[in-house]
Amino acid sequence: MIDDIRPVTWHDGAVRIIDQTALPARLTYVDLTSVDELIAAIRRLAVRGAPALGVAGAYGVALALLRDDHDQIRDRIAALRAARPTAVNLAAGVDRAAARIDEGFDAVLEEAHAVLDEDLAANRTLSALGADWLLARLEDSGASTRRPLRLLTHCNAGALATAGCGTALGVVRELHARGLVEVVYVDETRPLLQGSRLTAWELARLGIPHLVQADSAAASTIVTGHVDAAIVGADRVAANGDTANKIGTLGVALACAHAGVPFLVAAPTSTVDLRTASGADIHVELRDEAEVLGRAAPRESRAHNPAFDVTPAALVSALTTERGVAEIASGELPGSLWKP
């Protein structure tokens, strides 16, 4: 399989990112040479996706040590850590690298490289485990006899959103490698179209058949029997299994529950936040009104633009991670993944 997408790397003293705002028209790499540039890139979604933000955060600490005055380093790191509050990986990546500041630049950079390498390995493992779980679940329910599957995904949880390989799309890629994907329904994911711009681009590169659809079509597609399973990523998974992901994910989960279709969340354990008790404690970022209003709404109109929603644990059939699969809706908590 094509496995060459690395959205965040370290290159010659800079954080090199794929500018995801330029896709799908062109694949553009940008070298960020200051923490302020990195924060701006994160806020405008040039780099995005919880695991990728964790890598970016860790490299951002190295960038701060390399570029900023000693008295400013802690302030710059704090600003980077808070750039996107919903995705737990950003703060975790920053904290992990910052814990080695006293050891010097080389130690911080080593830790950032480790964040990248570990996420890449985790994604490959969780993808295989998720594919195995889904096939077993469908066979147990009598819904599949190893025929190619019709899948649905929301937003982008592919290589672009991680260190590489992907989470939700990692599971799709694994199933495709086994010859078990008929088609993937790709929600366009308004207002910034991460599905139609990014997920469709990745699937096209991989040669995986897909259909882009309006977000509002997803429930009908699921309920009318066109989908065997929905697979999504996550920005933060609470201790009770409540899951924050791109706005519109909750609607997909509700439709899956109504139709009796598995709703699988794919995320590394770095996205599981056991210190957050439930979804009620997850801060949901509100983004600029202009993303929704555009040029279509009257000038007098205002907008409500939450970047994420929270899917209750009862609607999450399972969470696949590199440590194993927890059947959340059946009462298996994310914390059980750490038990021997």
Legend entry - CZ (Arg287) with more than 12 external heavy atoms under 6.0 Å: yes
Legend entry - Exceeds 12 heavy-atom contacts within 6.0 angstrom, atom NE2 of His113: yes
Checking [X] side chain against [Y] main chain: does a donor-acceptor pair fall under 3.5 Å?
X: Asn305; Y: Leu286; value: no
X: Thr199; Y: Cys155; value: yes
X: Glu332; Y: Glu327; value: yes
X: Thr243; Y: Gly241; value: yes

Please find the pair of heavy atoms, one from [X] and one from [Y], that lie closest to each other, and give the distance.
X: Pro148; Y: Gly179; result: CG-O, 4.0 Å
X: Thr167; Y: Pro268; result: CG2-CD, 3.8 Å
X: Leu160; Y: Gln20; result: O-NE2, 2.8 Å
X: Val284; Y: Phe308; result: CG1-O, 3.3 Å
X: Asp228; Y: Val261; result: O-CG1, 3.4 Å
X: Leu65; Y: Ile101; result: CD1-CG1, 4.0 Å

Quick one: [atom1] on [X] to [atom2] on [Y], what's the gap to the nearest 0.5 Å?
X: Ile282; Y: Thr86; atom1: CD1; atom2: OG1; value: 8.0 Å
X: Arg76; Y: Leu63; atom1: CZ; atom2: CG; value: 10.5 Å
X: Leu203; Y: Trp201; atom1: CG; atom2: CH2; value: 11.0 Å
X: Glu174; Y: Thr320; atom1: CD; atom2: OG1; value: 10.5 Å
X: Asp12; Y: Asp31; atom1: CG; atom2: CG; value: 8.0 Å
X: Thr162; Y: Arg6; atom1: OG1; atom2: CZ; value: 8.0 Å

Inset, instruction - Name the orientation class of the two ring planes belonging to Phe105 and Trp10 (parallel below 30°, tilted from 30 to 60°, perpendicular beyond 60°). - result: tilted
Legend entry - Sequence-distant partners of His210, ring pair (Phe, Tyr, Trp, His ring centres under 6.0 Å), two or more places apart: none
Are the side chains of [Y] and [X] in contact, using a 4.5 Å heavy-atom criterion?
X: Leu45; Y: Leu192; answer: yes
X: Asp119; Y: Val115; answer: no
X: Arg48; Y: Leu198; answer: yes
X: Arg67; Y: Val35; answer: no
X: Leu315; Y: Cys256; answer: no
X: Phe263; Y: Thr249; answer: yes
X: Leu151; Y: Val171; answer: no
X: Leu319; Y: Val272; answer: yes

Inset, instruction - Under the side chain to side chain donor-acceptor pair (under 3.5 Å) rule, what do Arg197 and Asn156 come out as? Steps first, then yes or no, please. - result: CA-CA 9 Å; Arg197 291 192 305 105; Asn156 172 261; over 6 Å; no
Inset, instruction - Identify whether the distance between the nearest side-chain nitrogen and carboxylate oxygen of Asp4 and Arg205 falls below 4.0 Å. - result: yes
Inset, instruction - Could you tell me whether Arg100 and Glu110 make a salt bridge, using a distance below 4.0 angstrom between a side-chain N and a carboxylate O? - result: yes
Inset, instruction - Using the side chain to side chain donor-acceptor pair (under 3.5 Å) rule, take Arg44 and Thr21 through it: C-alpha gap first, then chi angles, then the decisive distance, then the call. - result: CA-CA 8 Å; Arg44 69 182 181 89; Thr21 65; 3.3 Å; yes
Inset, instruction - Evaluate side chain to side chain donor-acceptor pair (under 3.5 Å) for Thr9 paired with His11, printing each intermediate quantity in order. - result: CA-CA 6 Å; Thr9 57; His11 179 76; over 6 Å; no
Legend entry - Chi angles and distances behind the side chain to side chain contact (heavy atoms under 4.5 Å, CB included) call for Tyr59, Leu32: CA-CA 11 Å; Tyr59 280 134; Leu32 307 172; over 6 Å; no
Inset, instruction - Among residues two or more places apart or on two chains, list those pairs meeting side chain to side chain donor-acceptor pair (under 3.5 Å) that have a residue in residues 255-274. - result: Asn89-Ser270, Asn89-Thr271, Arg236-Asp273, Thr269-Glu322, Asp273-Thr276
Inset, instruction - Test Thr189 against Asp187 for side chain to side chain donor-acceptor pair (under 3.5 Å), laying out the working first. - result: CA-CA 5 Å; Thr189 317; Asp187 290 353; 5.8 Å; no
